[in-house]
Every structure is written in structure tokens, then in C-alpha cells.
Amino acid sequence: MKYILPFILTIVVMISLSCSSGSNEQNKVDELIEEMTLDEKIGQLNQLMNFVDTIPVDPYFYNLLKEGKVGSVLNGYSPELIKEMQRISVEESRLGIPLLVGRDVIHGYRTIFPVNIGLAATFNPELVKECTAIAAKEARSEGINWTFAPMMDISRDPRWGRMVESCGEDPYLTEEMTKAYIQGFQGDDLSNTKNIAATAKHYVGYGAAIGGRDYNTTLIPEAELRNVYLRPFKVAVEENVASVMSGFNELNGIPTTGNQYTIKEILKGEWDFQGFVVSDWASIRNLTTHGYAKDSIDATLKAFTAGVDMDMSGMHYLDNLKILVENGSIDESLIDDAVRRILSIKCKLGLFENPYGNNENELLTEQALDIAKKAVIQSTVLLQNKNQVLPLSKDVGKVAVIGPLADAPHEQMGTWVFDGKSENSITPLNALKNYLGEEKISYAPGLKISRTRNREGFPEAIQAARNSDAVILFMGDESILTGEAHSRAELTLPGYQNQLIEEISKLNKPTVLVMMTGVIHMIEPYLEKVDALLYGWHPGTMGGPGYVDLLFGIESPSGKLPITFPRTEGQIPIYYNHNNTGHPADDESWVRMYDIPVKAWQTSLGNTNHYLDYGFEPLFEFGFGLSYADFKYSDIELSKKVISMNDSLVITAKIKNTGGCQAEDVAQLYIRDLVGRIVRPVKELKRFKRIKLNPGEEKIIEFILKPKDLEFHDGEKWIIEPGEFQVWIGNSSKASLMSGFELK
Ligand code: GLC
């Protein structure tokens with residue numbers, strides 16, 4: 001051994017040099033692979049969670065680390081244990097290969113930002129990038145070097161509990177947010193110890209779960225797969241995302257974790273993805289449950305053959321890959337390819353030189369909290385503001401603060417929070433006390449939690465409201481009611497929140513409802529019961545201060561809906577970028593079901609695709625959000641009315657702030673391809689831009705489109721098809737300022 005150690009140290013030092021230099025990194029990785037035994041190679045493909053968070057590391061896990069049988073650890077630990085596990089790997093295993101330390105850093109590490117559906121509602125990729133860079137720096141400072149984010153599953157079904165982690169229903173918005181997340185997490189140099197490796201997940205189509213039921217079957221035709229669900233992942237690969245996570249869902253009969261077509265042919269073939277594919281939690285093991293593999297050996301073979309490089313917590317690769325290599329089912333060269341992909345990311349992260357993070361213990365800095373507050377402000381969507389009850393005046397008098405989410409520091413952080421601490425949360429109640437003074441605030445939750453089903457707290461809440469000049473209701477869900485495995489068939493507010501809103505509304509006080517949730521609730525019944533409605537997505541650490549700035553007009557709301565709001569669950573799925581059909585419903589002047597005359601002739605109600613009871617319009621459309629100002633769009637102009645395949649098209653419009661305060665709006669550009677070899681959506685978002693205007697100020701907004709932006713997949717190939725297009729500019733998917741052009 002005494003002769004081997006210096007030789008091995010030379011290898012590792014040589015890799016260190018090469019990784020840091022960035023040159024011929026591949027050769028040095030290959031040299032290390034040459035040195036590795038088959039067991040050590042398979043160890044790199046094995047990711048495990050050590051469920052025993054103790055130091056010294058428990059003997060079972062210690063031995064796995066020392067024998068080089070763990071390539072990555074995930075979740076669950078203290079920074080001290082992470083450091084100790086990394087030390088064992090680097091200093092006590094034969095080759096000293098450092099660990100990838102993975103964690104779900106989804107919307108913040110210690111500074112918690114709004115949940116991802118809220119970050120999408122900012123329509124501000126630059127801000128999302130800032131949030132993500134802060135999360136990366138905080139995580140890396142505690143030894144984390146890999147996050148399982150961003151999640152980019154297109155989701156059109158609000159019953160799906162994981163919509164909260166997504167960027168909503170639109171592929172373009174999701175693409176732009178994907179770029180921001182990856183740039184934020186990975187920066188421009190992964191070896192910079194302020195950055196961490198990112199993961200594009202869940203590959204692919206997970207959000208199309210039938211019935212919105214998590215983990216359910218997905219049936220997605222090729223054109224839809226290409227034009228909607230795969231788009232953000234292609235962008236992630238173009239952004240050099242370090243890893244891709246295969247999903248739990250079965251896609252058209254083949255589980256995505258065993259799907260050669262999507263992983264080997266598209267991701268690693270067509271797109272030439274150079275990173276590595278990690279399974280979802282034990283999703284290799286799940287291949288047997290799906291009925292796609294007959295046992296663990298078969299599941300291992302199918303996942304590895306499909307192109308899954310790392311087994312997350314399934315122990316299948318560790319237990320079975322060697323058998324499959326030795327019986328000739330898997331060629332060792334394929335093992336080498338998987339190992340190479342993983343070691344290359346470890347190299348890029350600089351882990352061979354510095355496996356222990358940046359140790360700059362900069363958590364919850366002032367800058368981080370400022371950005372977090374800005375994210376709360378820009379993610380919150382103003383859906384109603386009757387009688388201009390908002391913004392409230394600071395001289396409003398006494399304010400009743402009511403609702404189970406008003407002072408819920410843990411809940412306001414939302415789902416997927418491993419390292420946020422509720423003691424760092426500033427709740428709406430505390431922020432209002434700080435801003436108005438405690439003597440101005442009467443607090444009465446009314447309900448102990450969101451699911452309380454009794455009226456015991458009502459008298460106190462009603463009394464507080466009666467004795468106040470204005471009422472602010474903070475309603476919604478505990479964070480556990482959102483996220484993975486937490487889908488819902490009914491989307492009204494849980495518990496007696498409806499009843500509480502009803503009782504408070506009888507007092508006829510200026511009443512504001514602030515929703516704090518990760519769920520798209522059916523809120524139509526509340527619109528007539530409250531004056532104003534702010535839709536806040538579990539806002540994270542700075543929820544309170546962000547809401548205070550909005551409630552009192554220090555900032556104007558500017559969030560826009562990244563997801564269509566149905567009027568009732570029965571309208572689901574409902575999304576703006578739908579196809580026209582042959583019987584499109586085009587107005588709501590339909591006869592209301594209870595007004596239909598008896599013996600009405602069967603075609604007297606029209607033959608269009610609406611519901612007799614709920615029509616066809618959503619409650620609020622994609623891209624919608626009010627402001628304290630008003631914005632007028634006019635004078636749309638196109639640089640050309642006919643463009644060739646080599647042209648660009650410049651589209652401009654005027655936007656004027658006709659309101660009384662400075663505010664930001666999100667200008668959105670939509671197109672429609674009027675005729676296609678397969679039918680095309682009635683509208684598609686193609687550009688958006690935030691714009692700040694003073695009262696009375698007018699600016700010209702400019703967007704540039706290229707024929708490439710009009711490309712679509714017809715189920716067999718990508719095409720850019722000549723024809724007529726409509727184009728709109730406005731501040732929601734109902735934009736009406738329209739023009740048109742022809743692509744020759
Ligand atoms: C979970 C989720 C995935 C997460 C992983 C690790 O089951 O599906 O999004 O990153 O396991 O926690």
C-alpha cells in the first residue's frame with residue numbers, strides 16, 4: 001500500500017490541476033477511470049441518503065463511503081455531517097473521489113423566496129436569477145454542491161399538487177425561467193464556490209398526470225411532447241445544465257425512468273446532452289411497481305440501458321450492475337460512460353480541489369432579504385380592487401388582521417423547504433405591527449389552522465373586525481397541503497375559511513383578502529364578499545414586509561398569473577394556449593342553464609364547446625394581474641407585413657400609464673398561426689417584458705420575432721411553415737391590440 005498511495009495522490013493531484021485548469025479534463029477523468037475497479041465505478045452511480053444524522057458517521061454508511069460505494073449523498077443532513085462524509089470520501093477511500101452533495105434547494109436555502117409558481121408570476125427572469133444565485137451561494141457555503149432544481153414540468157391542471165413547484169402552463173415562460181434558474185444556480189463557472197450544479201426535472205411530461213393526480217399516467221402525443229413538454233428541457237441542455245432527473249410518471253406506457261426514446265434518443269442523442277441523468281427517488285425500483293420490470297435486476301437493466309446514469313436512493317445499481325456486467329448484459333464501456341459524465345461534473349465543480357464549499361457563512365444577508373422582499377412584491381397578483389380600496393392609507397385607523405395564515409411563520413415558507421427556519425420568517429401580522437404600530441392592530445385568527453372546521457374563533461374575529469376601520473384576511477393552506485403527493489380533487493379553501501369570509505363580509509368593512517398558498521383555489525365566491533383580493537403564493541421569509549409594501553401602496557402589484565384560474569374544477573383542464581376546435585365558443589352570451597326554456601329545441605343553445613353551467617371562460621386568464629395604475633396599449637406596428645424565412649420582424653406598440661402612481665406592467669406578445677399542417681393554438685406567448693412607467697408616461701415597447709420563433713413539430717419533424725399570422729401585444733393573454741403578417 002505504501003507504494004500505491006503516492007501514485008494515487010499523484011492521479012488525484014493531476015486531476016485537480018486539470019479540473020482547475022479546465023483543459024484536457026476529459027483525459028484526466030479517463031485516467032482516473034482506468035484506475036477504478038468495477039465496484040468503484042458502480043459506486044459513483046449510487047446516490048444514497050444517510051438517514052442517521054450523527055457524527056461519527058454510522059458504521060454502515062462509513063464503510064460504504066470508505067469503500068467508494070457512494071458517489072453522491074442527498075438531503076437530510078447538518079453541514080457538519082456533510083463535511084464529515086465528504087472527508088471520509090476524500091481522505092479515507094482508496095481514490096479519494098469527492099461526493100456530489102445533492103439537496104432540494106428549490107426556492108431558497110436559508111433565505112426562502114416565494115414558491116416557484118410565485119416566482120413565475122413575477123414574469124421577471126432577472127429577479128429569479130438573483131434569487132437563485134443567492135440560494136446557490138448560501139447552499140454551497142454549507143457544503144451542498146448540487147440542487148434538484150429547476151422543476152420545469154408544464155402543468156395545466158390545478159389539481160396537481162406539484163404545480164406549486166412549476167412555472168405554470170406556458171412553455172415560453174417556462175423556458176425563460178429555466179434559463180434564469182440554471183444561470184442563477186450554475187453561474188458562468190461551476191468551479192466558483194458560489195455556484196452549484198443544477199438539475200432539469202422531471203424529465204418528462206410529469207405535469208400531464210391524468211386527473212391532476214400526482215404520479216399518475218401521462219399520455220402525450222409526439223407533437224404535444226415536442227411543442228410543449230420537451231421545450232424547457234431542450235433549453236436547459238442548451239444552458240449546459242449539469243444534470244437531468246428522470247421522472248416518476250409513465251409516458252405512453254413506458255416509465256420515463258426506463259424510457260430509451262426520451263433519454264437515449266432525444267436527450268443524449270438528438271440534443272447531445274453531456275451531463276448526467278439521475279433517477280428520481282427510487283424511480284428505478286418503481287419500474288417493477290409500474291409493471292415494466294419483472295424484478296430488481298430487470299429494472300436495473302432497463303433503467304441503465306435507457307440512459308439513467310445515477311440511481312437515487314434505490315440501491316438497485318449498487319446491488320445489480322456488477323451482476324449485469326459480469327453476465328454480459330451490460331458492457332463495462334457503458335458503465336465507464338456514466339462514470340465519466342458524473343466525474344466530469346465533479347471536475348467542473350472543482351470538488352477535487354475544494355470539496356468543502358465556500359465557508360463564507362453568508363446566510364440571510366441584507367441583500368438576500370431585500371431580494372426576497374422584492375420577489376414577494378413582484379410575485380403577488382392583484383386580482384380585484386373594488387372601490388379602489390387598495391392601497392390602504394397609513395392613517396387607515398384600526399386594522400383587523402384575521403385568518404390562519406396571518407401569523408404562520410412555518411407555513412408561509414411553502415413546500416420543499418429543508419433549510420429555511422421559521423424563526424427567520426416575518427409574518428404579515430408582525431410586519432403590520434411594525435408598520436402601523438401594535439396599537440392599531442386587532443389580531444384574531446378566527447381559525448386555528450386552514451382546515452379548522454368549527455366556529456369557535458369566529459366571535460373574536462368578528463368582534464375584531466367590528467371594532468376596526470379595515471379588515472385584512474390572510475387565508476390559504478398549510479404548506480403540507482401543497483407539493484409532492486398532495487393533489488386535490490376539490491379546490492375550494494379548506495376548513496371553515498369560506499364561512500369566516502362570509503361572516504366578515506356581513507360587516508361591510510373595507511375588506512382585503514390575501515391568499516397565501518401554493519394551490520390555485522376556486523375563488524369566484526369570494527369576489528363578491530371582499531373588496532380586494534391579492535393572490536400571494538407561499539411568500540417565504542419576507543412575506544410580511546412584501547405584503548405591507550403592497551397593501552399600503554409603497555409598491556404597486558405587478559404579478560401576472562402563470563396559470564389560468566378556472567371558475568370551477570369542472571372546467572379543468574383549461575389553459576389559454578388551446579386549439580380552436582371546429583366549434584369554438586366565442587362569447588359568454590349563452591343561455592344560463594337554469595334559464596333554458598322547457599322543451600327548448602336542441603340546437604337553440606348553439607353548438608359550441610362551452611359548458612351549459614359554467615360557459616367556457618376562466619375566472620382569470622393566463623397573464624392577468626391588476627395594478628394600482630392603469631396601462632393603455634395602442635398603435636401596434638410591424639416593420640413588415642410580409643417576411644421571408646431570412647427576415648426578422650420588429651413589432652412595436654405604445655404603452656401609457658394612465659393611472660396616478662408609478663408602477664410596472666408586463667407587456668406580453670402573443671401570436672397565432674392561422675393555418676397549420678397540424679392545428680396550432682389560438683394564442684402562444686412569444687415575448688414578455690417588464691416596464692416601469694410614471695403617471696402619464698408613455699413608452700414604445702419593441703419586440704423582435706424571427707421565423708425560428710414560429711417553428712413547430714408536426715409529430716414527425718420540426719417545420720417553419722409559411723402562412724398568415726396574427727400578433728397581439730397587451731398585458732394578459734386576452735390582449736386585444738392586434739395586427740398580422742405573412743411569412744413567405
Ligand atoms: C422527490 C421528488 C424530486 C426530488 C427528489 C429528492 O421524490 O420527486 O423532485 O428532487 O425526490 O428529494
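In this chain, numbering begins with 1 at the start of the sequence shown. Every number for a ligand or one of its atoms is a count from 1 in the order of the listing.
Remark: D295 engages no residue in a salt bridge (Lys or Arg N to Asp or Glu O under 4.0 Å) (not counting sequence neighbours). Applying the salt bridge (Lys or Arg N to Asp or Glu O under 4.0 Å) criterion to E569, with sequence neighbours excluded, gives no partner residue.
Cation-pi geometry between K264 and W271 is not satisfied (NZ or CZ under 6.0 Å from the ring centre, within 45° of the ring normal).
Sorted by first and then second residue, the side-chain hydrogen bond (donor to acceptor under 3.5 Å, both in side chains) pairs involving residues 279-293 (not counting sequence neighbours) are T257-S283.
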Could you pull out every N or O of ligand 1 that sits under 3.5 Å from a protein N or O, with the distance for each pair?
unit_1   : atom_1 : unit_2 : atom_2 : d
ligand 1 : 7 (O)  : D280   : OD1    : 3.4
ligand 1 : 7 (O)  : E484   : OE1    : 3.0
ligand 1 : 7 (O)  : E484   : OE2    : 3.1
ligand 1 : 8 (O)  : R162   : NH1    : 2.8
ligand 1 : 8 (O)  : D280   : OD1    : 3.2
ligand 1 : 8 (O)  : D280   : OD2    : 2.6
ligand 1 : 8 (O)  : E484   : OE1    : 3.4
ligand 1 : 9 (O)  : R162   : NH2    : 2.9
ligand 1 : 9 (O)  : K201   : NZ     : 2.7
ligand 1 : 9 (O)  : H202   : NE2    : 2.7
ligand 1 : 10 (O) : D104   : OD1    : 2.5
ligand 1 : 10 (O) : K201   : NZ     : 3.0
ligand 1 : 11 (O) : D280   : OD1    : 3.1
ligand 1 : 12 (O) : N75    : ND2    : 3.1
ligand 1 : 12 (O) : D104   : OD2    : 2.5

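When only modelled atom types and interatomic distance are considered, Q44 and K346 share a side-chain donor-acceptor pair under 3.5 Å.
The pair R162-E484 meets the salt-bridge criterion, since a charged nitrogen lies less than 4.0 angstrom from a carboxylate oxygen.
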